[in-house]
Number of protein chains: 2
Amino acid sequence: MKGIRQLADHLDISIGTVSRALNGKADVNPQTRQRVLEAAEKLGYVANQSGRSLRKGSTGVIGFMMQTGPEITGQGDSFFMSVFDGVQTVLARHDLDLVALLCSSSEDPDAYLQRTVARGFADAIILSATRRNDARFELLDRHKIPFISLGRSLTDVGQPWIDLDFEGMAEIAMERLVLAGHKDIGVIWPHGDLNLGHLFVERCRSVLGTHGIRLREENIFRGKPSEAGGYAVAKEIAARPSRPSAIALVNETLVTGLYKGLEEAGITPGKDIAIVGRHSPHTQFLSPTLTGFNLSLHDLGIALAETLLSEMPAYRQAYEGLRRRVWPMMLIEGASG
Amino acid sequence: MKGIRQLADHLDISIGTVSRALNGKADVNPQTRQRVLEAAEKLGYVANQSGRSLRKGSTGVIGFMMQTGPEITGQGDSFFMSVFDGVQTVLARHDLDLVALLCSSSEDPDAYLQRTVARGFADAIILSATRRNDARFELLDRHKIPFISLGRSLTDVGQPWIDLDFEGMAEIAMERLVLAGHKDIGVIWPHGDLNLGHLFVERCRSVLGTHGIRLREENIFRGKPSEAGGYAVAKEIAARPSRPSAIALVNETLVTGLYKGLEEAGITPGKDIAIVGRHSPHTQFLSPTLTGFNLSLHDLGIALAETLLSEMPAYRQAYEGLRRRVWPMMLIEGASG
DNA sequence: ATAGTTTCCGTAAACGTTTACGGTCGTTGC
DNA sequence: GCAACGACCGTAAACGTTTACGGAAACTAT
């Protein structure tokens, strides 16, 4: 089935009527509509995307931009897949489709996004892996395309965002460790210019300050957001003449490697060093069990979708959610700290 | 910058010339082309996707279909993101864009694909998570849209595929275990109707057969493709009055949970039970170290892209790769088996 | 100078939809 | 019996591109 023309000819009806029937417009005889729908179903006709969006000026596609490569900045892909599933439960109600806009590791994210939105590929966009200063915000703002971000940035154009509560994690982690008597506390700052690292470390610093404890510069460990990154940090810690008695981190991909590196150095989490980290499907089986933060990825996805829709004129009235919010994290107590 | 019309007016040139200049056609004065390119760059003009693909009949988009949800069928974390990165290195050379077509866990994959291809969303498609009998193959074949699959299926319409060498893994794993003296060998069959499970288990059965060993039905463990799935299998194994002395599996997401479950039961891999599995970024830090198979995901991505291009008339001549091949796996020897 | 050739560019049609507009009926109200 | 109206449908324009076609210059060769 090539196009609406064939379908119309086949039914001996004009294409206008066919289109109206398929799109649920009022001006069409119920009986005719029925015939059209059945024929479309039988012949497998679906309106061509290009023709449709050219005429309508919108595509019905929501893009979620993410970067590909072996090191997913900040998250693993089961993270995103779960979030996507949540997003889709909401979008499906409006016949909107979610696609992942994949920016290769060898392409500049700003240029990629520029290209993609200028082409008019998606009606709205969700950004992730937000950097400290992120030109993408201004770009989307200039193009007046509805968007939100999973993550904050210093660059602020007034768009809504949802972000994990990195400051909250910092506070709870630091308070907990201080309460347990730790005075020499280290933190892991994921490599790169992701905003979350700044948020977490700065809050750790200030919370410790209120307890009269200084976060020493050499206790801020830089680690690539990967298992190997965690391993490297562990080795670095182990090599120190005097090491911190506790470590806090917010990137779940680091945890496994960190555990392993420490273990190899004879350092046992929870005994020789306290660890407060992030949970993920992979961390639930660590030993000693991890004390760390968790969240519902599915619910996060739902919230993202609702917030995005509230930015889109066509759907705004149905969704008047919070425009900006920090996503609550649950602390799961384990043996590690 | 709205459209080519504005750009043309701004330059006082016809839209035809502008289009030719931008698309690198021959019939245009180098100087004019230069002016057009500069103006487009300055004004941020990029051809509208819908208009372009409506006229050209192709979109310049390659779709990689995958299912969302907490349980990525068959593969773990950064698997896809690494593969994508490889695919993109090839596609970028032809100005083709890769997007992930995300099928929600609550939508039927066949219906989703039907809808997506009928809309003419992508020029070509890569399928993953292939089922034992997969209607998607026939669907794409009917629509005459170029596609390949990462994974085989009993359903065969003659399209190229690349698949991990599950039979090869079965052979090496079984031979290795038999050589080590194991007579009571178990295998883990990932839940669901994924074809890879069949391939692996059947080959294990036949290899063992050549050694006069029978793969007992109760030694075929069914596990969800997730960490929790591996954990559940471990518990099942531990509860057995007499358990197999070795376990082989091909799903890397199961490994972590399997280790943990065994450990809790006082069963040490490599000592009390031999394990041959799959490596991933997460498994490199297991203890005892895992004996398992690994592969270059980036190279796999490159191969996928090249094979797909060889299916597309416009690019065929440049890529005459193998149409169907099994992807070689490297055994990394560890202490587990 | 003329004819032929090349280089460049403008014109207009086409891609497949959606939708504003208007027209044709049959029905209703008086 | 006539006007008004509503229900339904066909027509055609528009969306933003690309590209076949043809034409106008500017060269080249005779």
Side-chain angles (χ1 to χ4, degrees), chain A residues 1-37 39-40 43-61 95 115-123 143 314, chain B residues 1-37 39-40 43-61 95 115-123 143 314:
Chain A
M1 178 54 46
K2 332 296 271 257
I4 201 174
R5 178 91 263 161
Q6 279 71 13
L7 183 56
D9 288 352
H10 177 260
L11 288 167
D12 212 28
I13 292 183
S14 80
I15 60 172
T17 303
V18 172
S19 176
R20 277 190 299 267
L22 291 172
N23 289 321
K25 301 288 175 181
D27 272 16
V28 46
N29 188 315
Q31 191 176 330
T32 314
R33 183 192 307 278
Q34 183 66 16
R35 280 214 309 143
V36 172
L37 288 176
L43 299 176
Y45 169 80
V46 179
N48 174 281
Q49 176 67 20
S50 303
R52 168 179 258 249
S53 54
L54 178 58
R55 166 66 215 221
K56 303 226 309 180
S58 67
T59 63
V61 172
D95 281 322
R115 187 162 57 87
T116 305
V117 307
R119 291 205 304 184
F121 198 89
D123 291 347
H143 279 272
Chain B
M1 178 55 43
K2 334 295 271 256
I4 202 174
R5 179 91 262 162
Q6 280 70 13
L7 184 56
D9 288 353
H10 177 260
L11 288 167
D12 213 27
I13 290 182
S14 80
I15 61 171
T17 303
V18 171
S19 176
R20 278 191 298 267
L22 291 173
N23 290 320
K25 301 289 176 182
D27 272 17
V28 47
N29 189 314
Q31 192 176 330
T32 313
R33 184 192 306 278
Q34 183 66 13
R35 281 212 311 143
V36 172
L37 288 176
L43 301 176
Y45 169 79
V46 179
N48 175 282
Q49 176 67 21
S50 303
R52 166 179 258 249
S53 55
L54 177 56
R55 166 64 216 226
K56 302 225 309 180
S58 67
T59 64
V61 172
D95 281 321
R115 187 162 57 85
T116 304
V117 307
R119 290 205 306 183
F121 199 88
D123 291 346
H143 280 270

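Just so we're on the same page: letters track the sequence lines, and every chain starts at 1.
Taking 4.0 angstrom as the limit, T32(A) places a side-chain polar atom (N or O) nearer than this to OP1 or OP2 of dC9(D). Regarding contacts with the backbone of dT19(D), a side-chain N or O of K25(B) is found under 4.0 angstrom from either OP1 or OP2. Taking 4.0 angstrom as the limit, Y45(B) places none of its side-chain polar atoms (N or O) nearer than this to OP1 or OP2 of dG16(D). Between S14(A) and dC9(D) there is no side-chain N or O to OP1 or OP2 distance below 4.0 Å.
Note: CD1 (I13(B)) to C1' (dG10(C)) measures 11 Å, nearest angstrom. Note: CG (L7(A)) to P (dT18(C)) measures 11 Å, nearest angstrom. Rounded to whole Å, atom P of dT18(C) lies 5 Å from atom CZ of R52(A). Rounded to whole Å, the distance from CD on Q6(B) to P on dG16(D) is 8 Å. Atom CD1 in I4(B) sits roughly 17 Å away from atom P in dA12(C) (whole-Å rounding). Atom pair D9(A):CG and dG16(C):C1' shows a separation of 13 Å (rounding to whole Å applied). Rounded to whole Å, atom C1' of dG16(C) lies 10 Å from atom CZ of R5(A). Here dT18(C) presents its C1' atom at 7 Å from CG of N23(A), a figure rounded to the nearest Å.
In terms of modelled atom types and a separation under 3.5 Å, the side chain of S53(A) and the main chain of Q49(A) share a donor-acceptor contact.
Considering all non-hydrogen atoms of both residues, L37(B) and L22(B) come closest at CD2-CD2, 3.8 Å. Minimum heavy-atom separation, T59(A) to D123(A): N-OD1, 2.6 Å. Nearest approach of R20(A) to R33(A), heavy atoms of both residues: O-NH1, 3.8 Å.
Two residues, R33(B) and G51(B), neighbour DNA chain C, and the one matched to the more 5' nucleotide by heavy-atom proximity is R33(B).
Using a 4.0 Å heavy-atom cutoff across all strands shown, S53(A) reaches no nucleic acid atom at all.
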Scan nucleotides 20-22 of chain C against the protein and return all N/O pairs shorter than 3.5 Å with their distances rounded to 0.1 Å.
from	atom 1	to	atom 2	distance (Å)
dA20(C)	N6	R20(A)	NH1	3.3

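Closest contact between the side chain of P30(A) and the listed nucleotides dC9(D), dC8(D), dT18(C) involves dC8(D). Among the nucleotides dC8(D), dG16(C), dT19(C), the one closest to the side chain of L54(A) is dG16(C). Of all nucleotides listed (dT17(D), dT18(C), dC8(C)), dT18(C) comes nearest to the side chain of I15(A). Across dT18(C), dT17(C), dC9(C), the shortest atom-to-atom separation from the side chain of S19(A) is found for dT18(C).
Atoms CZ and CZ, from R119(B) and R115(B) in turn, are 6.0 Å apart once rounded to the nearest 0.5 Å. The CG atom of L11(A) sits 10.5 Å away from atom OG1 of T17(A), with the distance rounded to the nearest 0.5 Å. A distance of 12.0 Å separates CD1 of I13(A) from OG of S19(A), quoted to the nearest 0.5 Å.
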Side chain to side chain contact (heavy atoms under 4.5 Å, CB included) assessment of V18(B) paired with H10(B): CA-CA 11 Å; V18(B) 171; H10(B) 177 260; over 6 Å; no
